Amino acid sequence: MNADISSMHGTWEPRPATRWEDGFLSGNGHHGALVFGEPNDERVVVTHHTLVRPNGAELARPPELAAELPALQDRLLAGELDAAESFTDGRDLQWVQPFHPAFQIRLRGANGGARGHRRSVDFATGVVHSANEGRNSRVFVSRADDVIVQRVVAADLDISLDHRLPGAPKDLGVGHGAVLTPSGALLTLRARYPGSDRAYTGVTLVLVTGGTTTLTPPGLRITDAESVLLLTRVLRHTGELDVMEQARLLHELGPDYDTLLNAHTALHRTAYERVTLDLAADPAERALPGSQLLARTESPALLERLFAAGRYHLLSASGLFPPRLTGLWTGDWDTAWAGAFTNDANVNLQTASAAAAALPEVTAAHASLIHGQLHDWRENARAVFGARGIVAPPHSDGESGLTYHFSREYPLHLWTAGADWLLKPLVDHDETHGGQDPRTAAALAEVALFYEDFLTREDADGRIVVVPSYSPENRPANAGWGAINAAMDLSAARHALHTAADYHPGSAQRWRALADRLPPHRINDDGALAEWARPGLDDTYDHRHLSHLYGVWPLDEITPYDTPDLAAAAYRALELRGAENDSAHGHLHHALVAARLGDGERVAHALGQVLKGDFFHDSLMSAHYPNRDVYNADAAHTLPAVLVEMLVQSTPDRLVLLPALPAAYPSGRLTGVRTRFGAELDLLWTPQEATAVLRPTRTHRIELRTSTGGRPLDLVAGEDHVLPLGAW
């Protein structure tokens with residue numbers, strides 16, 4: 001491996017990528033770069049979080065169904081188990097605007113063969129490096145200056161911006177520009193979407209040291225140069241764009257690569273290095289190329305690298321927004337499931353490690369998406385439910401938070417738990433760092449207002465009935481898709497109301513009273529936590545989603561310590577759950593729930609389904625299905641959360657150490673983890689003993705849980721607490 005990259009904090013390959021899925025990745029949460037590393041025809045695919053193709057969804061509105069809601073509730077409560085299937089305005093399924101790449105930067109030149117070729121990515125700096133005997137290229141996306149930076153050491157180059165990527169519309173309106181500047185040249189590419197006035201522009205400033213620059217429209221040719229620096233930005237716009245003003249702004253960044261890199265690294269490295277995981281892996285395995293290491297599915301070195309890569313990719317994909325289904329990257333315009341923000345599992349799983357794994361940048365990106373759409377969430381509550389407050393959409397393209405993606409088979413417009421799940425990471429952040437963000441407090445109050453207006457129906461015992469109710473993306477075995485009292489809806493409503501009460505003491509009494517009237521979970525005839533608490537609704541076990549276990553993870557409603565009977569029922573439900581179509585998110589969601597329930601071997605089995613199922617590309621970005629089928633960030637970004645959860649779990653009043661460590665990882669060290677009671681934690685374990693070091697920022701009494709039971713622990717702010725745990 002390159003000498004400047006730690007074997008635990010980067011990956012490398014001895015050959016260029018031939019598929020875009022294998023290209024190494026860099027990003028700053030706004031711009032993304034996907035780098036092939038080819039020696040004589042380098043391609044850097046440029047992406048941006050805002051690039052979504054108009055498809056009619058930009059005009060879509062939520063269905064106006066509120067007037068029909070009481071009649072639907074009457075029918076469902078009367079026993080019409082398929083009544084919700086007609087609760088629609090008759091529209092066809094409308095996907096959100098699909099995410100797509102911008103263009104590729106192409107650098108062609110005859111600089112010898114590929115002898116000595118090596119490409120790598122340094123997770124601590126975000127620099128993608130490719131080199132052979134004739135060329136040396138480094139690419140990173142600056143978190144400081146929001147620009148894609150590429151430095152090439154090569155004498156002769158042809159440079160162009162090329163929109164021709166897989167799936168690009170044939171009638172995409174494309175215009176190129178190329179002009180010489182005193183220090184090199186300026187290249188532009190403007191693309192207008194078919195049938196739309198929407199467009200985007202790519203601007204690349206080329207700064208040349210030495211040699212000669214000649215225009216070769218639509219690109220340029222450089223000969224006898226010492227080095228070339230390219231600075232690239234993408235701008236989404238609907239009107240005219242002052243390209244020369246953008247060029248001036250890029251030029252002001254300066255021509256010095258090291259200055260640009262240092263400004264970026266100060267932000268990126270600081271975030272990346274907060275948390276590390278060492279599983280005492282074999283140094284020889286740590287040094288392997290990623291493609292070879294992926295074949296060693298039981299190697300601790302593989303988990304070390306995937307943990308590091310997952311944190312790196314998650315950080316790199318988070319800024320303007322949190323990660324999409326594809327993170328921040330794609331090399332194809334035909335992105336699966338529109339490359340959306342999918343809110344009923346995928347966004348939630350991908351960002352699950354943000355608080356514990358010390359990436360507040362990810363939480364800030366997540367908050368940016370939410371707070372930018374609350375006006376649309378209010379419209380969803382009004383249109384569908386006739387209620388105040390907010391209801392989150394099941395899918396979003398980043399522009400709209402309106403609910404319009406639904407059908408009979410997926411009546412996602414009936415799903416009311418989304419706001420609680422999406423706000424949960426913001427609550428975790430507040431608990432971890434102390435204090436209450438007023439924006440989070442305001443949003444929670446609006447969720448509570450929604451439940452006040454929506455939870456008005458009662459059963460014969462005076463309990464609240466959640467009707468209609470939807471468990472993503474499953475249905476009862478004997479009923480329609482929209483049902484009554486889905487376990488997830490019950491858990492979400494309870495959690496939202498109690499959490500809103502914590503943030504708003506003046507309204508606490510009425511919100512807690514409403515929460516207390518919700519029915520309890522039901523245990524079915526199989527001894528499992530039922531997916532629908534309503535008697536008479538039968539479970540469908542073979543499904544990729546585990547929505548009914550929301551109370552176990554991410555909530556703390558059901559735990560082995562506080563609610564052992566419900567935890568046993570939840571564990572039985574987990575045992576009975578099938579994998580359906582082997583989606584990566586299903587396996588890792590299973591692992592997260594298993595970790596909360598204290599079963600390390602079940603965690604290991606779920607991880608093994610992903611590690612042995614060929615889910616990871618050479619880039620260490622992942623796929624949705626086995627055999628690297630469908631580029632998707634779920635596995636890559638969720639895996640760090642699984643590894644943290646099997647080692648450390650916390651609530652505002654409890655710390656659980658080594659709750660679900662598989663036997664395959666007998667030794668290791670996890671450093672820098674944050675807890676929800678305001679302490680940083682390092683954990684060291686061997687087969688003989690374990691030790692934890694806590695560095696609290698708040699004075700607080702917590703319960704410490706280990707394999708030998710629980711005991712109180714008094715923490716003092718500013719004082720390190722060394723906890724020898726003995727044999728764990």
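Each residue takes its place number in the sequence, starting with 1. Please read all numbers here as calculations on a predicted model, not as lab measurements.
Remark: the backbone N or O of A636 is paired with a side-chain donor or acceptor of S622 at under 3.5 angstrom. Panel note: side chain N627, backbone D629; no donor-acceptor pair is recorded below 3.5 Å. Between the side chain of S583 and the main chain of H585, no donor-acceptor pair closer than 3.5 Å is present. Checked by atom type and distance alone, the side chain of S120 never pairs as donor or acceptor with a backbone atom of T11 at under 3.5 Å. Although no hydrogens or angles enter the test, the distance criterion places a donor-acceptor pair under 3.5 Å between the side chain of E601 and the main chain of A663. Although no hydrogens or angles enter the test, the distance criterion places a donor-acceptor pair under 3.5 Å between the side chain of H49 and the main chain of A317. With hydrogens and angles disregarded, no donor-acceptor distance shorter than 3.5 Å links the side chain of H545 to the backbone of S547. The backbone N or O of M621 sits less than 3.5 Å from a side-chain atom of S619, completing a donor-acceptor pair. Looking only at distances, a side-chain donor or acceptor of T335 sits under 3.5 Å from a matching main-chain atom of F99. Side-chain atoms of D542 come within 3.5 Å of backbone N or O of E580 as a donor-acceptor pair.
Aromatic pair Y193/H100: centroids less than 6.0 angstrom apart. For F103 and H163, the ring centers sit 6.0 Å or farther from each other. Checked against the 6.0 Å centroid criterion, the rings of F341 and H395 do not qualify as a close aromatic pair. Not less than 6.0 angstrom separates the ring centroid of H590 from the ring centroid of H605.
S160 and D162 are not linked by any side-chain donor-acceptor pair at a separation below 3.5 angstrom, with hydrogens and angles left out of the test. Using modelled atom types and a 3.5 Å distance limit, the side chains of D122 and H129 yield no donor-acceptor pair. Between the side chains of H9 and Y312, no donor N or O sits under 3.5 Å from an acceptor N or O. Checked by atom type, the side-chain pair T671/T276 shows a donor-acceptor distance below 3.5 Å. Checked by atom type, the side-chain pair E285/S299 shows a donor-acceptor distance below 3.5 Å.
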For residues 145-153, please give each side-chain donor-acceptor pair under 3.5 Å, one per line with the distance, not counting sequence neighbours.
unit_1	atom_1	unit_2	atom_2	d
D146	OD1	N28	ND2	3.0
D146	OD1	H31	ND1	2.8
Q150	NE2	S137	OG	3.2

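Salt bridge E42/R106: absent, no basic N to carboxylate O contact under 4.0 Å. Remark: D278 engages R286 in a salt bridge, criterion side-chain N to carboxylate O under 4.0 Å. Ion pairing between R274 and E361 holds under the 4.0 Å rule for side-chain N and carboxylate O.
We find the CG-NE2 distance between D634 and H589 to be 11.5 Å, quoted to the nearest 0.5 Å. Separation of atoms CZ (R221) and OG1 (T216) is listed at 5.5 Å; rounding is to 0.5 Å. Of the inter-residue distances, the one linking N348 atom CG with N346 atom CG reads 7.5 Å to the nearest 0.5 angstrom. Rounded to the nearest 0.5 Å, atoms NZ (K612) and OG1 (T297) are 5.5 Å apart. One distance of note links CG of N262 with OH of Y257; it measures 9.5 Å at 0.5 Å rounding. Note that CG of L277 and CZ of R305 are 13.5 Å apart. Values are rounded to the nearest 0.5 Å.
Judged by the 6.0 Å distance and 45° axis criteria, R311 is not positioned over the aromatic ring of F123. For the pair R669 and W685, the cation does not sit on the ring face, since its NZ or CZ is not both under 6.0 Å from the ring centre and inside 45° of the axis. With Y200 as the aromatic partner, R236 does not meet the cation-pi criteria of under 6.0 angstrom to the ring centre and within 45 degrees of the ring axis.
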Next on the checklist: Under the criterion side chain to side chain contact (heavy atoms under 4.5 Å, CB included), I'd like the reasoning laid out for L220 against I222: C-alpha separation, chi angles, the key distance, then a yes or no.
Outcome noted: CA-CA 7 Å; L220 58 91; I222 297 170; 3.5 Å; yes
Checklist entry - How far apart are the C-alpha atoms of L314 and L359, what are their side-chain angles, what is the distance that settles it, and do they pass the side chain to side chain contact (heavy atoms under 4.5 Å, CB included) test? => result CA-CA 9 Å; L314 177 59; L359 287 176; 4.1 Å; yes
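No side-chain heavy atom of V128 sits less than 4.5 Å from a side-chain heavy atom of R119.
Summarising the geometry of P323 relative to S318, their closest heavy-atom pair is CD-OG, 3.6 Å, with the distance given to 0.1 Å. The nearest pair of heavy atoms linking Y272 to M8 is OH-O, 4.3 Å.
Screening R15, R43, R19 for a salt bridge (charged side-chain N to carboxylate O under 4.0 Å, His left out) with E38, the sole residue that qualifies is R43.
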